[in-house]
Amino acid sequence: MSHATLHSRPASSLRGATLPKWFSWAVAGASAALGYGISAAAGLHSDIQWALIAALLFVGGSFAVSAKVEGRRQARDRTATSLVWVAFLLAVIPLASLTWETVERGIKVLDGYFLTHSMGVVADTEPGGGIYHALLGTLEQVGLATLISVPVGVLTAIYLVEYGRGRLAKAVTFFVDVMTGIPSIVAGLFVLSLWILILGMGYSGFAGSMALSILMIPVVVRSTEEMLKLVPNELREASLALGVPKWRTILKVVLPTSVGGITTGVMLAIARITGETAPVLLLVWGTNFINANPFQDPQASLPMYIYLQYTNGSEAAYDRAWAAALTLIAFIMILNLVARGIARWKAPQTGR
Amino acid sequence: MDITTQKPAAPPAPGPAAPPDAPAARGVTRPGDRIFLGLSRGSGIFVLVLMAAIAAFLTYRATLAISKDEANFFTSFEWNPSGVPPEFGIAVLAFGTVVSSIIAMVIAVPVAVAIALFITHYAPRRLGGPIGYVIDLLAAVPSIVYGLWGALVLVPHLDGLYGWLDDYLGWTGILEWNDGAPRSLFTVGILLAVMILPIITNVSREVFRQVPRMHEEAALALGATRWEVIRMSVLPFGRSGVISASMLGLGRALGETMAVAMVLSPSFTINASLLDPGGGTFAQNIASKFNEATEMGRDALIASGLVLFVITLLVNGAARLIIARRKEYSGANA
């Protein structure tokens, strides 16, 4: 940032008095000690309380001293800086705790056995068992949802970017935006009312996939649209000028140019729906046994496995829930990292 | 993207199929083109049909339930759809959903904006990039994992905070703690705040990053401090972006299901104090009541889901309106 250069300039007669660099650290140290002292004297035992007192002392103290030496404007600047730092540290605590607890508690029972066995013969309160049935269900449901959403999503994006003008395109753009905001449980309720209550079909992995694809389609459309827009018009014009039909131009020029970005978008969309629990809970129902057929009978899925183990409430079940959560997060993180890798590797040359 | 409008004077496409006065690149006369256009337009229409079907089928099942409802659907505190006579209402759910989302927004928006500012303007450059990346990844953590963390890690750690709030703010009545387990709407709000923090931060950070360098340097040249630069050039430029980011977060908080269902201990009452366990939200109620529901019960849940659907549509629409109006006179695009 450009401010850094300004701040490191030597003090001149044009600038007022400034406090030395160690000032903030000194105030921080002093207020931490004082905050700890006060809470020890007052008999408070929560770590949060002395940290809070110390933070208040720090903000107030540096404002007072700085206002005296540097003037009100500088003092306000210092307060803003410390508030931003405090907010950052405040937000780090839960997010770091989430990551740490999941890894620490999840690693306990996560091993090869856990990944390759189902819960079929294990009572919920006993240790043992695994997530094989849930992994299988998740992969099948997400795979089916991807098979439905990618063609629909990519074709819709092609329509919007390459053909779309007029009322239909505007309506599609608007409703894709609306679809992005549909809560996952509402998507689940829709498939429930149509597929199960009205058409009388049973609970199955496929019913879950349909709800998941409702959530996935708008994400795919949005990201594909962005990627197609990045393809330079000169490429399309060059191809058309050679007499290539428009559909072949799209298939052979536009799509190959943007395939990296589209893949990234699809993978991020997959990562998003993999963790969806609510529609799966309504439509796939869940089971402790291995069911490899997504079109018939209840299946399991990883997020729902976590929920079922949590509601079971025994220590062994909690361990399994954390291990499954770690597996789920690892899967999603790997998808994310690979997607970003592809995006960087295959980024379209925009000529900038 | 529109080739024909960009090159109006382009020569007509070669080939005998195109009539001499046909606009260039419009080659829908070829069968391949016609099929491809049909497929892609068909997908677009499919999206529209899907949206219409969602609204239609939810409304259909909802009216089935509401027509049998003996209590007032909007004001009743009961939820007994399979009773004789069936009685159910959404007052408690609407209250819980709105209150927990408001708590989440009040906590998350200022913190998220501060983190976004931290990443773009305060953090050492080497730190800013990785932090942004990590927060990006945290936005992808599924809600069920947040729920598990909330129920097994956050809830046991909240006694201290609850006691403190009760000591100093208990007199207000709404923050009075009667020693129940901290599985209240307030806890739900905190958890939702943690969940929507990464999304709001990400979008705000993107917006702050796009602030024209000239605006900031002009403020610096006038002798502004860093905070004044932020107040005068960064925040005004980013306001509409921050609003739309918050609306995105709000939409997620309103529709959040599993995390709420795992943390809240639900009841069909509205408590005077936010710290007392009880209450419920639309999505949580659907997830918790679904397993034991009869067909009538399911229709009643669908009716409450329809209300949630409408609320999220309104929130998204409002966000869009705000952004559209801000764009006109922000001057940022100049």
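Throughout, a chain's letter reflects where its sequence line sits, starting with A, and its residues are numbered from 1.
One finds the CD1 atom of Ile185(A) at 14.0 Å from the CZ atom of Phe309(B) (value rounded to the nearest 0.5 Å). Atom CZ in Phe175(A) sits 11.0 Å away from atom CD1 in Ile54(B) (nearest 0.5 Å). Atoms CZ and CD1, from Arg298(B) and Ile196(A) in turn, are 7.5 Å apart once rounded to the nearest 0.5 Å. Distance check: Leu95(A) CG to Ile115(B) CD1 gives 7.0 Å after rounding to the nearest 0.5 Å. Asn336(A) contributes atom CG, which lies 8.0 Å from atom CG of Asp136(B) (distance to the nearest 0.5 angstrom). A distance of 6.0 Å separates CG in Leu281(A) from CG in Asn291(B), rounded to the nearest 0.5 Å.
For a residue to count as touching a neighbouring chain, one of its non-hydrogen atoms must lie under 4.5 Å from one of that chain's; by this rule Ile107(B) does not touch chain A. Interface residue Met262(B): backbone and side-chain heavy atoms are both found under 4.5 Å from chain A. Only the side chain of Leu313(B) comes within less than 4.5 Å of a heavy atom in chain A; its backbone stays farther off. Residue contact with chain A, scored on non-hydrogen atoms closer than 4.5 Å, involves the backbone and the side chain of Phe57(B) alike. Proximity to chain A (any heavy atom under 4.5 Å) is shown, for Leu148(B), by both the backbone and the side chain. Heavy atoms of Leu160(A) lying under 4.5 Å from chain B are absent altogether. If you measure heavy-atom distances from Ile332(A) to chain B, the contacts under 4.5 Å come from the side chain alone. Neither the backbone nor the side chain of Arg78(A) comes within contact range of chain B, judged by heavy atoms closer than 4.5 Å. Trp322(A) touches chain B through backbone and side chain together, each having a heavy atom under 4.5 Å away. Contact of Ile217(A) with chain B is made through the side chain alone, with heavy-atom distances under 4.5 Å. The contact between Leu189(A) and chain B is made by backbone and side chain atoms together, counting heavy-atom distances below 4.5 Å. Proximity to chain A is limited to the side chain of Arg61(B), based on heavy atoms less than 4.5 angstrom apart. With a threshold of 4.5 angstrom between heavy atoms, Leu98(A) approaches chain B through its backbone and through its side chain. Using a 4.5 Å cut-off between heavy atoms, Arg272(A) does not touch chain B at all.
For the set Leu155(A), Leu192(A), Val92(A), the count of heavy-atom pairs under 4.5 angstrom toward chain B peaks at Leu155(A). When each of Leu326(A), Thr277(A), Thr311(A) is scored by its heavy-atom pairs under 4.5 Å with chain B, the top score falls to Thr277(A). Comparing Leu152(B), Leu39(B), Thr257(B), Ile286(B) by heavy-atom pairs within less than 4.5 Å of chain A, the highest count is held by Leu152(B). Most heavy-atom pairs under 4.5 Å with chain B, from the set Pro151(A), Ala169(A), Gly275(A), Pro183(A): that is Pro183(A). Per-residue heavy-atom pair counts under 4.5 Å with chain A were compared for Val47(B), Val141(B), Val111(B), Leu137(B), and the maximum is reached by Leu137(B). By number of non-hydrogen pairs under 4.5 angstrom with chain A, the leading residue of Ile45(B), Leu58(B), Asp299(B) is Leu58(B). Most heavy-atom pairs under 4.5 Å with chain A, from the set Gly163(B), Ala53(B), Gly317(B), Ala56(B): that is Ala53(B). Highest contact tally toward chain B, considering only Leu168(A), Leu90(A), Thr102(A), is held by Leu168(A) [criterion: heavy-atom pairs under 4.5 Å]. Per-residue counts of heavy-atom pairs under 4.5 Å with chain A were compared for Phe118(B), Phe282(B), Phe46(B), Tyr146(B); the largest is that of Phe118(B). With chain A as partner, the option from Val153(B), Val194(B), Leu154(B) having the largest number of non-hydrogen pairs under 4.5 angstrom is Val153(B).
In this structure, Ser43(B) and Val152(A) approach most closely via the heavy-atom pair CB-O, 3.6 Å. Heavy-atom minimum distance, Gly181(A) versus Asn316(B): CA-ND2, 3.3 Å. Closest approach of Ala325(A) and Val145(B) over heavy atoms only: CB-CG2, 4.1 Å. In terms of heavy atoms, Leu337(A) sits closest to Tyr133(B) at CD2-OH, 3.4 Å. Contact between Tyr159(A) and Ser40(B) at its shortest, heavy atoms only, is CB-O, 3.5 Å. Minimum interatomic distance between Val172(A) and Gly44(B) (heavy atoms only, all atoms of both residues): CG2-O, 3.6 Å.
Residues forming a side-chain hydrogen bond (donor to acceptor under 3.5 Å, both in side chains) with Glu101(A) (at least two apart in sequence, or on another chain): Arg105(A).
Heavy-atom proximity under 4.5 angstrom to chain A picks out Leu301(B), Ile302(B), Gly305(B), Leu308(B) from residues 301-308 of chain B.
Counting non-hydrogen atoms of other residues, nucleotides and ligands closer than 6.0 Å to CZ of Arg248(A) gives a total of 12 or fewer. No more than 12 heavy-atom neighbours from other residues, nucleotides or ligands sit within 6.0 angstrom of OH on Tyr60(B).
Here the two rings, on Trp85(A) and Tyr122(B), have centers that are 6.0 Å apart or farther.
Using modelled atom types, one finds a donor on one side chain and an acceptor on the other under 3.5 Å when comparing Trp149(B) with Ser97(A).
Judged purely by atom type and a 3.5 angstrom limit, Asp33(B) uses its side chain to pair as donor or acceptor with the backbone of Trp247(A). In this structure, Asp77(A) contributes its side chain and Trp227(B) its backbone to a donor-acceptor pair below 3.5 Å.
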Could you check Tyr163(A) against Arg41(B) for side-chain contact (heavy atoms from CB on, under 4.5 Å), going step by step and ending with a plain yes or no? CA-CA 8 Å; Tyr163(A) 296 99; Arg41(B) 186 184 281 162; over 6 Å; no

Test Leu50(B) against Met179(A) for side-chain contact (heavy atoms from CB on, under 4.5 Å), laying out the working first. CA-CA 9 Å; Leu50(B) 193 61; Met179(A) 245 175 127; 3.4 Å; yes

Check the pair Ile182(A), Met51(B) against side-chain contact (heavy atoms from CB on, under 4.5 Å), reporting the backbone distance first and the verdict last. CA-CA 10 Å; Ile182(A) 293 183; Met51(B) 279 305 296; 3.9 Å; yes

